[in-house]
Amino acid sequence: MRPIIDAHIHLEHYQNKEIELMMKGLNRIQCTNIISVSFDLASCKRNLELANQYLQVKPAFGFHPEQELPSDSDVGELISWIEKNKDKMIAIGEVGLPYYLRTESRSFRLEGYIELLESFLKLAKRWEKPIVLHAVYDDAPVICNLLEKYNIKNAHFHWFKGNAATIERMIKNGYYISVTPDVLYEQEIQELVKIYPIEKMMVETDGPWPFEGIFSGKMTHPWMIHQSINAISELKKEEVTSIYETLYNNTKCFYGI
């Protein structure tokens with residue numbers, strides 16, 4: 001077991017007792033930091049509280065796209081708050097496009113979500129902050145277009161899923177991905193890991209999202225990352241100690257920890 005960083009977790013979605021237990025156990029599993037991404041303004045504020053309480057927590061501020069669009073006034077309030085607290089965040093995130101929400105409605109209008117995402121991209125560019133993206137399948141090329149439009153290089157596609165052409169484009173542009181514990185049992189993720197350069201990879205839990213297989217019925221926790229790294233090592237056919245070191249250094253470098 002070597003040092004790890006959970007590159008993407010929704011810490012504020014856990015119960016208070018769960019958070020306390022998790023944070024007490026981080027040293028035991030050699031988890032030095034967790035990147036806690038935000039869902040909305042209330043989530044941003046809670047993540048800032050947790051970061052002030054626990055040194056290991058590095059907060060990212062944003063608006064998760066898999067929900068109803070906020071009103072103009074709510075967007076203004078959110079961005080104003082983020083601007084006031086930008087020096088306390090490690091990145092903009094989680095932001096992106098609502099792939100899963102959109103599949104539920106044929107009359108879904110994407111324009112407002114693209115406009116909101118562009119607002120966050122402009123902030124990331126202006127403040128020179130990394131950006132954490134929810135961008136899967138058909139949405140990923142759209143977001144690649146926007147990243148190229150604003151010349152943003154420090155992009156992290158968390159739990160990415162997409163076609164070969166998009167993967168090739170992301171690799172060419174130097175974007176990072178992060179891998180969840182489903183690498184142990186999901187062939188799609190396993191194939192992605194085989195293809196994607198280890199130098200542009202991180203590991204995450206996306207907790208409290210639950211996982212299957214050996215994790216079935218267990219609370220999602222950063223300890224699962226050790227299992228993910230073992231799986232990545234096997235898929236890459238590289239020594240596990242080297243994989244540990246590379247993934248850890250990738251995350252530290254990308255987020256400036």
Side-chain angles (χ1 to χ4, degrees), residues 4-14 19 22-23 26 31-67 70 75 77-98 113 116-136 143 146-147 150 152-160 175-180 200-209 220 222 225 247-248 250-257:
I4 58 170
I5 296 172
D6 189 337
H8 188 101
I9 189 171
H10 298 266
L11 185 63
E12 88 294 356
H13 277 29
Y14 287 84
I19 293 173
M22 184 185 295
M23 300 309 298
L26 289 187
C31 182
T32 61
N33 295 104
I34 58 177
I35 312 301
S36 190
V37 297
S38 299
F39 203 81
D40 53 21
L41 179 55
S43 174
C44 290
K45 292 178 177 179
R46 176 60 175 150
N47 271 324
L48 181 55
E49 290 175 358
L50 291 169
N52 288 334
Q53 186 175 356
Y54 300 106
L55 292 177
Q56 301 101 319
V57 177
K58 304 300 180 183
F61 301 145
F63 184 88
H64 197 292
E66 297 286 355
Q67 57 182 319
V75 171
E77 184 180 4
L78 172 63
I79 290 179
S80 176
W81 185 91
I82 292 176
E83 184 164 13
K84 290 176 183 176
N85 293 279
K86 66 180 183 295
D87 294 334
K88 301 170 185 175
M89 71 179 181
I90 202 165
I92 294 283
E94 173 177 2
V95 297
L97 295 178
Y113 289 89
L116 179 59
L117 174 57
E118 287 195 89
S119 297
F120 286 119
L121 290 170
K122 290 173 184 177
L123 294 180
K125 183 67 175 179
R126 186 192 312 161
W127 299 334
E128 299 182 334
K129 294 283 187 179
I131 191 157
V132 189
L133 296 160
H134 175 90
V136 297
I143 290 183
L146 294 172
L147 291 171
Y150 291 103
I152 291 176
K153 304 296 185 183
N154 291 334
H156 170 192
F157 287 68
H158 104 94
W159 205 344
F160 173 76
Y175 303 147
Y176 282 72
I177 64 166
S178 53
V179 178
T180 68
K200 296 294 181 180
M201 194 180 297
M202 297 183 268
V203 275
E204 61 158 298
T205 60
D206 200 28
W209 186 270
T220 298
I225 285 174
L247 294 174
Y248 187 74
N250 287 349
T251 314
K252 286 187 68 177
C253 180
F254 182 85
Y255 282 109
I257 297 175

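Side-chain atoms are counted along with the backbone in the values below, which use heavy atoms only and exclude waters and symmetry mates.
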Those residues at least two apart in sequence (or on a different chain) that pass ring-ring contact (aromatic ring centres under 6.0 Å, His included) with H8 are H10, H158
ring-ring contact (aromatic ring centres under 6.0 Å, His included) filter on F120, not counting sequence neighbours, yields none
Here the gap from L78 atom CG to I82 atom CD1, rounded to the nearest 0.5 Å, amounts to 4.0 Å
- Is the W209 ring parallel, tilted or perpendicular to the W159 ring (thresholds 30°, 60°)? perpendicular
Audit row: V132, V95, side chain to side chain contact (heavy atoms under 4.5 Å, CB included) steps and yes/no | CA-CA 6 Å; V132 189; V95 297; over 6 Å; no
task: Establish, from distance only, whether the side-chain atoms of E12 and S43 form a donor-acceptor pair under 3.5 Å.
output: yes
When rounded to the nearest 0.5 Å, the distance separating CD1 of I35 from CD of E204 is 11.0 Å
Can the ring centres of H134 and F157 be said to be less than 6.0 Å apart?
no
Applying side-chain hydrogen bond (donor to acceptor under 3.5 Å, both in side chains) to Y175 and not counting sequence neighbours gives N173
By side-chain hydrogen bond (donor to acceptor under 3.5 Å, both in side chains), T32 pairs with (sequence neighbours left out) Y248
When F61, F63, W127 are each screened for side chain to side chain contact (heavy atoms under 4.5 Å, CB included) with I92, the one that passes is W127
Rounding to 0.5 Å, atoms NZ (K125) and NZ (K153) come to a distance of 8.0 Å
Hits for side-chain hydrogen bond (donor to acceptor under 3.5 Å, both in side chains) against Y255, two or more places apart or cross-chain, chain-then-number order -> H156
Looking just at side-chain N and O atoms, do N47 and S36 make a donor-acceptor pair shorter than 3.5 Å?
yes
For residues 39-66, the salt bridge (charged side-chain N to carboxylate O under 4.0 Å, His left out) pairs (sequence neighbours left out) are R46-E49
